[in-house]
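We count ligands from 1, going down the list as the structure has it; atoms in each ligand are counted the same way. Source: prediction; values computed, not measured.
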Amino acid sequence: MMDLKDEILRLKREKNAIILAHNYQLPDVQDVADFVGDSLGLSQQAANTRADVIVFCGVHFMAETASILCPDKKVLLPDLEAGCSLADTISAEELRRWKNEHPNAVVVGYVNTTAEVKAECDYCCTSSNAVNVVKSISKDREILFLPDMFLGSYVAEVTKRDNMLLWPGECHVHAGIRPSLVKEMLKNNKGSDFLIHPECGCTTSMMYYFGNGNGNGEKIIEDCKVKFLSTEGMMRYAKQSSSKKLIVATEIGILHRMRKENPDKEFIPLSNDAICKYMKMITLEKVYRSLNEMIYEVKVRKDIADKARVAIERMLAIN
Ligand code: 13P
Ligand code: SF4
């Protein structure tokens, strides 16, 4: 029987392809990837690769971002149905209407948006650089932040801005991680580290409820250290933490890499239900088919890509 992993590696060499995978991908898919990381790391890899073909194991907006950054490369998404419920919460038309109501505002769009929406933004951001992107904007300028309201309120709180207007969007996976669940886990896991993705539904109330922390971006609650981090920020933190037990509040795909890279530590998902069905649509079989048949190409229309690239490159320059 054909060994799928071997075949994928052979095809990858033959086609001069690179496989990029998000931290939420299935374990098998992560294991054949050349790079596994967060939205920011994946865009940086796409921007710098010498490969001719990028197989993007993630969701549609991520493949679009790679195509915008590398218009001359072939960007493949193994399943075109791999969308994002958060990106679907705002259309370019809705954003244009919002901008018309606030003509002097600066528009900051989370990378979880369609290319058409990015083309309407002044800056893009990911969860790992949203605070720095907002800090780079003059304090007296009004900001329209979209589409994630939990990430937006987290950024507004950290940067102490009261002129950020938030689009009421949310990711169904992270929004389900509610404050009551976190409080219960804090009580039951005293002394552990808690890593919370700022898209989580608990973020806003946890920030307000527990005040400003110890000045290192950390909060100590029930003897637990609580950190708000992007997925790659969580990976870095897990490695350097002296704690042996870490509770992880994000999509559970990240646990594969965490456990693999830190075999001496225990990682517990805050919610076993935090599963993104879109991320899980990318299987090893589909990655093989994608490389073998060169499907499905994601290409962004040139006029849209040219506008969206400005916002993405401004973000990459800030890091
Ligand atoms: P990051 O990996 O950038 O933290 O984003 C999380 C996410 O929801 C991707 O869809
Ligand atoms: Fe979109 Fe949420 Fe899935 Fe991330 S986890 S891809 S934000 S639906």
May I ask you to decide if Asp31's main-chain N or O and Lys5's side chain share a donor-acceptor pair within less than 3.5 Å?
no

With no hydrogens and no angle check, just 3.5 Å: does a side-chain donor-acceptor pair link Glu232 and Asn23?
yes

With heavy-atom distances below 4.0 Å as the criterion, list the atoms of ligand 1 near Tyr24.
6 (C), 7 (C), 8 (O), 9 (C)

Over 60° means perpendicular and under 30° means parallel, so tell me whether His197 and His174 are parallel, tilted or perpendicular.
tilted

For Glu199, the atoms of ligand 2 under 4.0 Å from one of its heavy atoms are 7 (S)

Do Glu94 and Ser91 pair up side chain to side chain, a donor and an acceptor below 3.5 Å, judged on atom types alone?
yes

Is Arg314 reaching over with its side chain to a backbone N or O of Asp122, donor-acceptor style, under 3.5 angstrom?
yes

If the threshold is 4.0 Å, N to carboxylate O, is there a salt bridge linking Asp264 and Lys244?
yes

Provide, to 0.1 Å, the distance between atom 10 (O) of ligand 1 and the closest protein heavy atom, together with that atom's residue and name.
Asn112 ND2, 3.3 Å

Tell me who clusters with Phe150, hydrophobic residues only, linked when side chains sit under 4.5 Å apart either directly or through other members.
Met149

Any heavy atom of Ser127 sitting closer than 4.0 Å to ligand 1?
yes

With a 4.5 Å heavy-atom cut-off, do Tyr154 and Glu199 have their side chains touching?
no

Distance-only donor-acceptor check, side chains Lys239 and Asn262, under 3.5 Å:
no

N or O pair under 3.5 Å between His22 and ligand 1
yes

heavy-atom search around atom 8 (O) of ligand 1 in the protein gives Glu199 OE2, 3.1 Å

Judged by modelled atom types alone, do Ser241 and Ser243 share a side-chain donor-acceptor pair under 3.5 Å?
no

Cut-off under 2.8 Å, centre atom 1 (Fe) of ligand 2, protein N/O/S atoms:
Cys84 SG

Counting distance only, does the side-chain N/O of Arg309 pair as donor-acceptor with the main-chain N or O of Leu69 below 3.5 Å?
no

Could you find the nearest protein heavy atom to atom 5 (O) of ligand 1 and give me its residue, atom name and distance?
Ser39 OG, 3.5 Å

I need the atoms of ligand 1 closer than 4.0 Å to a non-hydrogen atom of His197, numbered in the order shown.
1 (P), 4 (O), 5 (O), 6 (C)

Is ligand 1 less than 4.0 angstrom away from at least one heavy atom of Glu251?
no

Counting heavy atoms under 4.0 Å, the part of Glu232 that contacts ligand 1 is neither

Against heavy atoms of Ser230, which atoms of ligand 1 measure under 4.0 Å?
4 (O)

With backbone taken as N, CA, C and O and side chain as the heavy atoms from C-beta onward, which portion of Met62 lies under 4.0 Å from ligand 1: side chain, backbone, both, or neither?
side chain

Classify the side-chain pair Tyr110/Ser39 by whether it contains a donor and acceptor separated by less than 3.5 Å.
no

